[in-house]
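A, B, ... follow the sequence lines: proteins, then strands. Residue 1 opens every chain.
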Protein chains: 2
Amino acid sequence: MKHIITALVENRPGVLARIVGLISGRGYNIDTLNVGPMPDGTVSRMTITVPGDDRILEQVTKQLNKLVDVIKVTDLTRERHIDRELVLIKVSAPPKSRSEIIELVNLFRAKIIAVQSKSLIIEVTGTEEKVESFLELVKPHGIQEISRSGALAMARE
Amino acid sequence: MKHIITALVENRPGVLARIVGLISGRGYNIDTLNVGPMPDGTVSRMTITVPGDDRILEQVTKQLNKLVDVIKVTDLTRERHIDRELVLIKVSAPPKSRSEIIELVNLFRAKIIAVQSKSLIIEVTGTEEKVESFLELVKPHGIQEISRSGALAMARE
């Protein structure tokens, strides 16, 4: 099962290395991770997705919570939450196949953010499921490059 | 100056820890980082933003390129590229201030992805500049939570 964990941490050099080291030191592969600073710059927030069973992930979150620069770790997997991912895709698009790609982009409420002679760069945002469906449909056109943010998650009331 | 670095790496436990360790071991603070797998699952792609001068960042990218699980590292800072970030924002929104927030959301082509009794969760995508402007304008309403993906970047033709 894939777990979604969020963590608030001090924004200092070395903190990310310790967190990533703790998780991968226990043999877990981090599937996706993202980290960015909060507005005041002193605190950063991370979202991490890790495949693994509940019992072991519980140990990992407990140990993360003990790290000195970690403010709070939450496993959102079994709580009500929303999650979204941003993906940039460079897809082959000679003029003759552009209209078909544009149709897909509109259906998924994605955006074309760069038009180049032989390719388009597309931005798509949504749940992992939506993003995967889009990638599947666009694949036959030839995907040249992909960049995924990994899931961002937030608890609902 | 903020550098945007992209890296293609083998998707194995420990690789992310080595990369993050190498950068922070040299005293650089990683501002934002994101990593996600490519469709076949064997390779992951990362985007990292690090403040620092050109000369030192050049050394860091060279050393990253030498790591055994690193396929390719590119500093896009001085190349033509596009960059985008995804941000989720939970903002206080009692019924009387909702219309003002909705107006901002429409102006920035953002999206409301959850409506709760006293707050809204908003999804905004764009360049760092656009995202910062949106945060600035929404701030007076009371930001309860933010989650940022950090920049995703891709070279243009």
Side-chain angles (χ1 to χ4, degrees), chain A residues 6 11-17 19-25 27-39 44-47 49 82-90 109 111 113-114 116-119 121 123 125 132 135 139 143 145-157, chain B residues 6 11-17 19-25 27-39 44-47 49 82-90 109 111 113-114 116-119 121 123 125 132 135 139 143 145-157:
Chain A
T6 62
N11 184 12
R12 288 194 199 122
V15 176
L16 180 59
I19 291 172
V20 170
L22 191 149
I23 299 172
S24 62
Y28 293 102
N29 195 17
I30 291 171
D31 191 41
T32 70
L33 178 148
N34 51 62
V35 58
M38 298 296 90
S44 291
R45 181 177 165 132
M46 309 172 59
T47 312
T49 61
I82 55 109
D83 54 275
R84 288 290 183 282
E85 184 178 14
L86 168 65
V87 183
L88 303 183
I89 308 154
K90 192 181 283 175
R109 295 183 196 177
K111 273 185 211 161
I113 54 173
Q116 308 177 128
S117 59
K118 288 174 185 161
S119 64
I121 301 180
E123 165 198 312
T125 312
E132 295 285 355
L135 285 172
K139 202 173 167 185
I143 294 174
E145 230 178 308
I146 299 182
S147 185
R148 305 182 73 145
S149 69
L152 290 183
M154 205 167 264
R156 301 189 61 145
E157 260 170 29
Chain B
T6 61
N11 184 13
R12 289 194 199 121
V15 176
L16 180 59
I19 290 172
V20 170
L22 190 151
I23 298 173
S24 62
Y28 294 102
N29 195 16
I30 291 171
D31 191 42
T32 70
L33 178 148
N34 50 63
V35 58
M38 297 296 91
S44 290
R45 180 177 166 131
M46 308 171 59
T47 311
T49 62
I82 55 109
D83 55 275
R84 288 291 184 281
E85 184 178 15
L86 168 66
V87 184
L88 303 183
I89 307 155
K90 192 181 281 176
R109 296 182 196 178
K111 272 185 212 163
I113 53 174
Q116 307 176 127
S117 60
K118 287 174 187 163
S119 64
I121 302 180
E123 165 198 311
T125 312
E132 294 286 355
L135 286 172
K139 202 174 165 184
I143 294 174
E145 232 181 309
I146 300 183
S147 185
R148 305 182 72 146
S149 69
L152 290 184
M154 205 168 263
R156 300 188 61 146
E157 260 170 28

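Annotation for A:T32 and A:A151: closest pair OG1-N, 3.7 Å, computed over non-hydrogen atoms. Of all the heavy atoms in B:S44 and B:P37, the pair that sits closest is OG-CA, 3.8 Å.
Interatomic distance, CG of B:L33 versus CE of B:M46, reported as 4.0 Å (0.5 Å rounding). The distance from the CG atom of A:L88 to the CZ atom of A:R148 is 11.5 Å, given to the nearest 0.5 Å.
Looking only at heavy-atom pairs under 4.5 Å with chain B, the residue among A:I30, A:V20, A:N29 that has the most is A:N29. With chain B as the partner, the residue from A:M38, A:M154, A:K139 showing the most heavy-atom pairs under 4.5 Å is A:M154. Per-residue heavy-atom pair counts under 4.5 Å with chain B were compared for A:I143, A:L22, A:D31, and the maximum is reached by A:D31. When B:S149, B:S119, B:A17 are compared by the number of non-hydrogen pairs under 4.5 Å with chain A, B:S149 comes out ahead. The candidate from B:I23, B:T49, B:N11, B:I146 with the greatest count of non-hydrogen atom pairs under 4.5 Å with chain A is B:I146. Annotation: maximal heavy-atom pairing with chain A below 4.5 Å, among B:I113, B:I19, B:V87, B:I121, occurs at B:I113.
Using a 4.5 Å cut-off between heavy atoms, A:L135 does not touch chain B at all. Looking at B:S117, the atoms closer than 4.5 Å to chain A (heavy atoms on both sides) sit in the backbone and in the side chain alike. Proximity to chain A (any heavy atom under 4.5 Å) is shown, for B:E132, by neither the backbone nor the side chain.
Taking B:R156 as the reference, A:A114, A:Q116, B:R80, B:I82 meet the side chain to side chain contact (heavy atoms under 4.5 Å, CB included) condition, with sequence neighbours excluded. Considering only residues two or more places apart in sequence or on other chains, A:T47 meets the side chain to side chain contact (heavy atoms under 4.5 Å, CB included) condition with A:I4, A:T6, A:N34, A:L152, A:A153, B:S147.
In this structure, B:E157 does not pair ionically with A:K118, as no charged nitrogen and carboxylate oxygen lie closer than 4.0 Å.
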